[in-house]
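Note that these values count all heavy atoms, side chains included, but never hydrogens, waters or copies made by symmetry. Every value quoted in this text rests on a predicted model; they were computed, and no experiment measured them. Throughout, numbering of the chain's residues begins at 1 and tracks the sequence.
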Amino acid sequence: MPLPPAPSRRAALLSSEAYDNKATPSRTNTRAASSEPDADEASTAAVAHVVSTARTSTARSKASASAPVATTAAATPAKPAPTTRRSTPSKAATPSAAPVPVPTEAAPRSKKARAQGPAKLFVLDTNVLLHDPTSLFRFEEHDIFLPMIVLEELDGHKKGMTEVARNGRQASRTLDALAAAQGADMAKGLKLDSTGQRAAGGHLFFQTVPLDYSLPTSLPQGKADNQILGVVEALRKLHAPREVVLVSKDINMRVKARALGLTAEDYQNDKTLEDGDLLYAGVLALPPDFWTKSGKNVESWQSGAHTYYRIGGPIVPQLMINQFVYFEAPGEPSLFARVSEIREKTAVLQTLKDYGSAKNAVWGVSTRNREQNYAMNLLMDPEIDFVTLTGTAGTGKTLLALAAGLTQVLDDRRYTEIIMTRATVSVGEDIGFLPGTEEEKMGPWMGALDDNLEFLAKGDGGNAGEWGRAATNELIRSRIKIKSMNFMRGRTFLNKYVIIDEAQNLTPKQMKTLITRAGPGTKIICMGNLAQIDTPYLTEGSSGLTYAVDRFKGWPHSGHITLARGERSRLADFASEVL
């Protein structure tokens, strides 16, 4: 019979006599504390007793992954487990109140859970699964409970081709995979990491029997939301003092839960940022003492039309590739540059092309402020494949993107055509079905395109050049294709200049679908105003535009700029500030 595994991690706690004793093949690791050993087993029992004592300090992390709390309590460890884990088996009268297993050692977040307290029990509302079908795996070491009415509502939403229906079907497939995993036991809970999701260390419990609860008579018992509230109330009493939390995207649901004294939270994992002010702006102002502290150590050289500066110091860790930096101070030389390289403790800054000058006008358009010049440098750079532009109304996002696109399609022949699309989300009531072809149906949504094309075709922005004077509106429109996002799946764009307007109304999944259409030689520009989100259930933190900006920052072939100043008119600028 093989010997027990050697206590390699706690060998320092063994006594010197234990090292000299000869172990015998007897199972004393569990019986040493319950029965008196024989004379021949005395030495091995001593070793096992020392090992058992040494392991009590880490009993929580070394407990069996499949053993319920009752087994842990019966082992009588030297350091008792938290009371929230022991109180569970005392009321295990129903399968829904099955004892919750201790988090396993394999989950690295178990250490975090021990530091902050016992694992919680989260009760998910149906809208959480319909909003994010992968939400089951986003609660780290905590456990999840699904009421029966949630499964009923999930079944009712799985029909159709909408985003909600697709999410419902994916959530149902996920539940089926967890239930079909090897060793799955509904009574003890389904291990959330059984399908390969290692980030989830908890268990999934289903309601299998009716729960006893009482709600105020003003809440109708037949409504699904009220039934979920009743389940949360019953679980709170059943698992006290363990914390039971309701997770719902429905604001009114959370308000009712708090009115009943229940803990309720919003689903936060879909939010890229908690606050829109934390969004990466793409611009960094150098400190006022930059030249004073770093001027002596700056290395500069000329290459083509650009000047390069190699800088060091504490500012380097704050920089990202393709981030714009500027320095403006009275009596000091100004600097407007883009970060082109970051290597260890140094960074290389590349000076910019001034598109504010009339000689560098793009299709007759000259930039009017610093941020617009940054944006035009990104739009005209062939090495940049993905550009995101955010800003309030009137900052020139569409005009800059179209002017750069027309120049690179008609003058430089860098791209074959411009493809423009946008999210068809109405500000007011829908006007119904529209007649005509795909482009004719998209016509009412492309008012911004028509307004900017009218300006660009006439060359009102200045000297538009020979191409601008000779090109007619029909020639320009022949190189611009208007497409609906509904038919984008499966397409591949080759050498196209793709403009995605009103991108703030896209979900992260829709944004991924559009960006992954890009083939060789294609450039994608995403534009939007995060203050004008019209899609239900989307916020500044969960918008697909925010998601793309945060995920692409620092990639060498992408860039982002937040346009701050409106250039439409003094009326529009004043309205943006006061209304």
| message | Ignoring hydrogens, what is the shortest heavy-atom contact between G356 and N373? Give both atom names and the distance. | response | N-OD1, 4.0 Å
| request: Return the minimal non-hydrogen interatomic distance between A200 and D193, and the atom names on each side. | output: O-CB, 3.3 Å
| Is there a side-chain contact between Q323 and V283 (heavy atoms, below 4.5 Å)? | no
| task | With rounding to the nearest 0.5 Å, note down the distance linking OH in Y308 to OG in S303. | result | 5.0 Å
| query | Roughly how far apart are L378 CG and I561 CD1, rounded to 0.5 Å? | reply | 6.0 Å
| field | Nearest-0.5 Å distance, OG of residue S194 to NE2 of residue H203 | value | 9.0 Å
| request: Using a strict 4.0 Å threshold on nitrogen-to-oxygen distance, state whether K249 and D266 make a salt bridge. | output: yes
| Donor-acceptor under 3.5 Å (T395 side chain, T392 main chain) | yes
| task | Ignoring hydrogens and angles, tell me if any N or O in the side chain of Q408 forms a donor-acceptor pair with the backbone of L379 under 3.5 Å. | result | yes
| field | From CZ (F493) to NZ (K483), nearest 0.5 Å | value | 8.0 Å
| query | Ignoring hydrogens and geometry, is there a side-chain-to-backbone donor-acceptor pair from N377 to K353 under 3.5 Å? | reply | yes
| Spacing of Y326 atom OH and S334 atom OG [to the nearest 0.5 Å] | 11.5 Å
| Is a side-chain N or O of H306 found less than 3.5 angstrom from the main chain of Q350, in a donor-acceptor match? | no
| Given the rule in the side-chain contact (heavy atoms from CB on, under 4.5 Å) test, do Y547 and T507 qualify, once you have shown the distances and angles that lead to the verdict? | CA-CA 9 Å; Y547 180 77; T507 64; over 6 Å; no
| note | Of all heavy-atom pairs linking I342 and I321, the shortest is N-CD1, 3.7 Å
| Would you call K359 and D354 a salt bridge, taking side-chain N to carboxylate O under 4.0 Å as the test? | no
| With a 4.5 Å limit on heavy-atom distance, are the side chains of L319 and V325 in contact? | yes
| message | side-chain contact (heavy atoms from CB on, under 4.5 Å) for I525 and F386? Distances and angles first, verdict last. | response | CA-CA 6 Å; I525 295 89; F386 183 71; over 6 Å; no
| request: For the pair Q504 (side chain) and Q532 (backbone), establish whether a donor and an acceptor sit closer than 3.5 Å, ignoring hydrogens and angles. | output: yes
| request: Ignoring hydrogens and angles, tell me if any N or O in the side chain of R310 forms a donor-acceptor pair with the backbone of A347 under 3.5 Å. | output: no
| query | Within the distance-only criterion (no hydrogens, no angle test), does the side chain of Y309 pair as donor or acceptor with the backbone N or O of W301 below 3.5 angstrom? | reply | no
| Do the side chains of R138 and D132 get nearer than 4.5 Å, heavy atoms only? | yes
| Criterion salt bridge (Lys or Arg N to Asp or Glu O under 4.0 Å) on K481 and E417, from CA distance to verdict | CA-CA 7 Å; K481 297 292 187 297; E417 64 181 1; 3.3 Å; yes
| query | Taking T522 for the side chain and K496 for the main chain, is one N or O donor matched with an acceptor at less than 3.5 Å? | reply | yes
| How about L130 and E163: do any of their side-chain heavy atoms sit closer than 4.5 Å? | no
| So, the side chain of S558 versus the backbone of G554: is there a donor-acceptor pair under 3.5 Å, distance only? | no
| Between H142 and F122, what is the ring plane arrangement, given parallel below 30°, perpendicular above 60°, and tilted in between? | perpendicular
| query | Got T390 and T388 here, is their nearest side-chain heavy-atom distance under 4.5 Å? | reply | no
| query | Which heavy atom in S543 sits nearest to a heavy atom in A503, and how many Å separate them? | reply | OG-O, 4.2 Å
| field | K345 atom NZ: more than 12 heavy-atom contacts under 6.0 Å | value | no
| query | Are L124 and Y267 side-chain neighbours, meaning at least one heavy-atom pair lies under 4.5 Å? | reply | no
| request: Answer yes if the side chains of Q302 and T307 hold a donor-acceptor pair under 3.5 Å, and no otherwise. | output: yes
| message | Check whether R422 reaches the backbone of I500 with its side chain - one donor and one acceptor, N or O, closer than 3.5 Å. | response | no
| field | Side chain proximity check, T367 to N360, heavy atoms < 4.5 angstrom | value | no
| task | Decide side-chain contact (heavy atoms from CB on, under 4.5 Å) for L154 and L175; before the verdict, give the C-alpha distance in whole Å, the side-chain angles of both, and the deciding distance to 0.1 Å. | result | CA-CA 11 Å; L154 197 63; L175 294 175; 4.0 Å; yes
| said: Please find the pair of heavy atoms, one from A358 and one from S366, that lie closest to each other, and give the distance. | reply: CA-OG, 4.1 Å
| What pair of heavy atoms forms the shortest contact from G490 to R517, and how long is it? | N-NH1, 3.3 Å
| field | Side chain proximity check, K523 to V387, heavy atoms < 4.5 angstrom | value | yes
| field | Face-on cation placement of R370 at F336 ring, 6.0 Å and 45° thresholds | value | no
| task | Could you go through the side-chain contact (heavy atoms from CB on, under 4.5 Å) check for H131 and N167 one step at a time? | result | CA-CA 7 Å; H131 179 76; N167 290 342; 5.9 Å; no
| remark: In this structure, OG1 of T546 is separated from CD1 of I533 (nearest 0.5 Å) by 6.5 Å
